[in-house]
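One-based numbering, in listed order, for ligands and for the atoms of each. The figures that follow rest on heavy atoms only: side chains count, while hydrogens, waters and symmetry mates do not.
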Amino acid sequence: MWDVSKYAVPWLKSAKVYGLADVDDAIRNPQRARMFVNECPLAPSEKVVEAVTRAARHGNRYPGTSPELRARIGRLYGAGAAQVLLVGGSSEIIDMAMRVFLQPGDEIVIPNPTFSMYEIRATVVGGKPVIVDTKPDLSYNTDAMLAAVTNKTKLIIVCNPNNPTGNFIDERELTRIVETGIPIFLDEAYLEFYPERESKVSWIARYPNIFVTHTFSKAFGLAGIRFGYMVGTEEMIKLFTKVQIPWSASVMSLSAAEAILDNQEELKRKRDLNRASIEYFCKALAEVPGLKPYHSHGNYMLVDASATGKASKDIVDHACKMGFMIKAMPPLHGRQGFFRITPGTEEENRALVKELKSFFGLHV
Ligand SMILES: Cc1ncc(COP(=O)(O)O)c(C=O)c1O
């Protein structure tokens, strides 16, 4: 029988797929609260919907490179349009970065835990992920990351704030990583939730090895519309443009991005709801003996239930039975009870807390 794997590049054998079975499951079960993939619980505003609808009327035309939108995004950071690349979601930049920097056998340093897409896309090009555990308190272990660098290291990942830990890397520690001169992928997917923190785009002039990504899937709440961007030096952007598939941001996603940038009130509403939800979960879950919620700067919260003796899968399966989709996390530092919650509506948050309290034996 003809065997496709004889022809496929050999490193795909061990490559994993970024599975979407849980999202399919959520779509099949709309009665369940979707609190597992760091989406926004609020639908896009009418302004965004109208902009998308207007753009769809020109859906017979290809988009260009949107110089005005790039200039506008650049101005947010004091950067020029030539320093900005627009894409249909920042996952594309993760994939492009692997194709720009990694040949088969080249190494990429990735903290653990973090967003799983980096490792997956690195293995798709034959790259070798070098996974470096965070410290027991889940902060970045910079010494270990620097010790993991070899002459084969072509890329280092820093997700800031990190998903799922919710914490920022210390600035002095980040400086040590950046000063290696190795390309640094600085993922700021969740930074709009926390505008008190300045973007590290301002570091690019001093450290041209940095590039920074943002997405409209999180605080802007447009995950299904698909829009993201990166900022880097002009040389960096030229390289990424070589590997980009043209037109990946559709006319609909470009128009949605423009519309929501014009409507800062929408961003604020989503951000305020999320911040209130994070505070609520933090306080409510800390009342449960044995539960340790990690305060988060993103729209997710990591919780360690190891001290309760419950395993993450049992917790998440129980929540699912009760109508809440939350995410089981792999063991960390020998602890088996991690799970992650993405805040839903206020009503969903209250109902989930009630359910979790009862599951952990705290009756309210
Ligand atoms: C850290 C991080 N970066 C990037 C992404 C991907 O976002 P996008 O929807 O822009 O592809 C995610 C999604 O969860 C994420 O957690």
Study note, to complete from the structure: Ordered by chain then number, the protein residues lying under 4.0 Å from ligand 1 by heavy atom are G89, S90, S91, F115, Y118, C159, N163, D187, A189, Y190, T215, S217, K218, R226

Practice item. For the pair Y18 and F115, name the ring-plane relationship: parallel under 30°, tilted 30 to 60°, perpendicular over 60°. Key: perpendicular

Practice item. Please determine if D304 and R335 form a salt bridge, counting it only when a charged side-chain N lies under 4.0 Å from a carboxylate O. Key: yes

Check your understanding: With under 30° as parallel and over 60° as perpendicular, where do the rings of F227 and Y229 fit, or are they tilted in between?
Key -> tilted

Check your understanding: Just checking, is any N or O donor in the side chain of N38 or T342 under 3.5 Å from an acceptor N or O on the other one?
Key -> yes

Check your understanding: Is any side-chain N of the basic residue among D25 and R28 closer than 4.0 Å to the acidic one's carboxylate O?
Key -> yes

Review point. Is the side chain of Q83 donor-acceptor paired with the backbone N or O of G80 at a distance under 3.5 Å, no angle test?
Key: yes

